[in-house]
Amino acid sequence: QVQLVESGGRLVQAGDSLRLSCEVSGLYFSRYAMGWFRQAPGKEREFVATISWDGVTTRYLSSVKDRFTISRDNAKNTVDLQMNSLKPEDAAVYYCATGLKTIVVMSTQEVDYWGQGTQVTVSS
């Protein structure tokens with residue numbers, strides 16, 4: 001079956017960097033768009049970043065655009081999110097996701113599979 005397993009979340013201080021990784025199995029990874037979403041307590045899950053199957057197209061939430069970078073390795077079936085200059089408002093559970101029908105995946109409606117999430121906590 002399809003599995004998305006995130007790792008890398010932890011407690012950091014404001015201004016620190018953190019790299020999240022997601023390993024995917026059970027599907028033809030290199031064919032599909034990948035994305036990262038996040039959900040803070042009491043808030044809806046929101047789009048953070050996405051990358052097309054070939055890595056050519058990326059899109060970001062405006063508030064993270066100059067700080068976060070999404071990348072993928074189709075040989076390893078992994079997608080990473082490099083997060084720099086973290087702010088307390090970046091604290092959330094971060095979810096890896098894949099969409100099988102779109103070039104990029106930017107909304108929860110476009111997601112076909114979710115990971116279990118990894119917690120990122122940012123202290124001020």
Side-chain angles (χ1 to χ4, degrees):
Q1 74 274 22
V2 178
Q3 286 191 311
L4 289 73
V5 180
E6 302 96 333
S7 61
R10 61 181 176 90
L11 171 65
V12 297
Q13 293 189 337
D16 284 355
S17 296
L18 192 61
R19 189 175 186 91
L20 305 182
S21 187
C22 174
E23 185 169 0
V24 181
S25 60
L27 59 74
Y28 202 139
F29 178 79
S30 61
R31 287 183 176 177
Y32 301 117
M34 296 297 303
W36 286 94
F37 290 72
R38 67 187 181 187
Q39 188 167 20
K43 295 187 177 181
E44 293 191 351
R45 193 169 298 189
E46 67 174 353
F47 163 76
V48 176
T50 185
I51 188 167
S52 59
W53 67 272
D54 57 2
V56 171
T57 302
T58 58
R59 297 286 187 269
Y60 296 91
L61 176 69
S62 58
S63 62
V64 309
K65 187 175 182 180
D66 296 325
R67 301 183 293 120
F68 291 10
T69 302
I70 189 170
S71 61
R72 67 189 294 160
D73 186 333
N74 285 346
K76 296 182 179 179
N77 285 14
T78 58
V79 57
D80 290 351
L81 185 68
Q82 176 65 42
M83 305 186 293
N84 298 329
S85 303
L86 281 160
K87 303 176 181 180
E89 52 263 42
D90 294 319
V93 177
Y94 281 72
Y95 295 90
C96 177
T98 185
L100 306 185
K101 309 176 192 70
T102 55
I103 295 173
V104 291
V105 53
M106 298 180 67
S107 75
T108 57
Q109 288 79 11
E110 294 172 340
V111 173
D112 290 287
Y113 295 99
W114 294 98
Q116 83 287 350
T118 187
Q119 178 72 53
V120 173
T121 305
V122 184
S123 65
S124 56

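In this chain, numbering begins with 1 at the start of the sequence shown. Every heavy atom of this structure was used, including side-chain atoms; hydrogens, water molecules and symmetry mates were not.
In terms of heavy atoms, Ser71 sits closest to Arg19 at OG-NH2, 3.6 Å.
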Take Arg38 and Tyr94 through the side chain to side chain contact (heavy atoms under 4.5 Å, CB included) test and state the conclusion after the steps. CA-CA 4 Å; Arg38 67 187 181 187; Tyr94 281 72; 2.9 Å; yes

Show your reasoning for whether side chain to side chain contact (heavy atoms under 4.5 Å, CB included) applies to Leu4 and Met34. CA-CA 11 Å; Leu4 289 73; Met34 296 297 303; 4.1 Å; yes

Derivation of the side chain to side chain donor-acceptor pair (under 3.5 Å) call for Gln82 and Asp80: CA-CA 6 Å; Gln82 176 65 42; Asp80 290 351; over 6 Å; no

Evaluate side chain to side chain contact (heavy atoms under 4.5 Å, CB included) for Val105 paired with Thr98, printing each intermediate quantity in order. CA-CA 7 Å; Val105 53; Thr98 185; over 6 Å; no

Applying side chain to side chain contact (heavy atoms under 4.5 Å, CB included), run through Phe37 and Val111 and close with a yes or a no. CA-CA 10 Å; Phe37 290 72; Val111 173; 3.9 Å; yes

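Partner of Leu20 under the side-chain contact (heavy atoms from CB on, under 4.5 Å) criterion, chosen from Tyr95, Phe68, Trp36: Trp36. Of the candidates Asp66, Val48, Thr69, Tyr60 forms a side-chain contact (heavy atoms from CB on, under 4.5 Å) with just one, namely Thr69.
For Ile103, the CD1 atom counts as loosely surrounded, since its 6.0 Å shell holds 12 or fewer non-hydrogen atoms of other residues, nucleotides or ligands. Other residues, nucleotides and ligands contribute more than 12 heavy atoms inside 6.0 Å of the CH2 atom of Trp114. A 6.0 Å sphere centred on CD of Gln39 holds more than 12 heavy atoms belonging to other residues, nucleotides or ligands.
A distance of 11.5 Å separates CD of Glu46 from OG1 of Thr108, quoted to the nearest 0.5 Å. For the atom pair OG (Ser107) and CZ (Arg45), the distance works out to 12.5 Å, reported to the nearest 0.5 Å.
Side-chain heavy atoms closer than 4.5 Å link hydrophobic residues (I, L, V, M, F, W, Y) into clusters, and following such links, even through other members, never connects Leu11 to Met83. Under the 4.5 Å side-chain heavy-atom criterion for grouping Ile, Leu, Val, Met, Phe, Trp and Tyr, Leu27 is not connected to Trp53 through any hydrophobic cluster. Side-chain heavy atoms closer than 4.5 Å link hydrophobic residues (I, L, V, M, F, W, Y) into clusters, and following such links, possibly through other members, connects Ile51 to Tyr28. Val5 and Val2 fall into different hydrophobic clusters, where Ile, Leu, Val, Met, Phe, Trp and Tyr residues are linked whenever their side-chain heavy atoms come under 4.5 Å apart, directly or through other members.
When atom types are taken as modelled, the side chain of Glu6 and the backbone of Gly117 share a donor-acceptor pair closer than 3.5 angstrom.
Residues Asp90 and Arg67 have side chains in contact (heavy-atom distance under 4.5 Å, counting atoms from C-beta outward).
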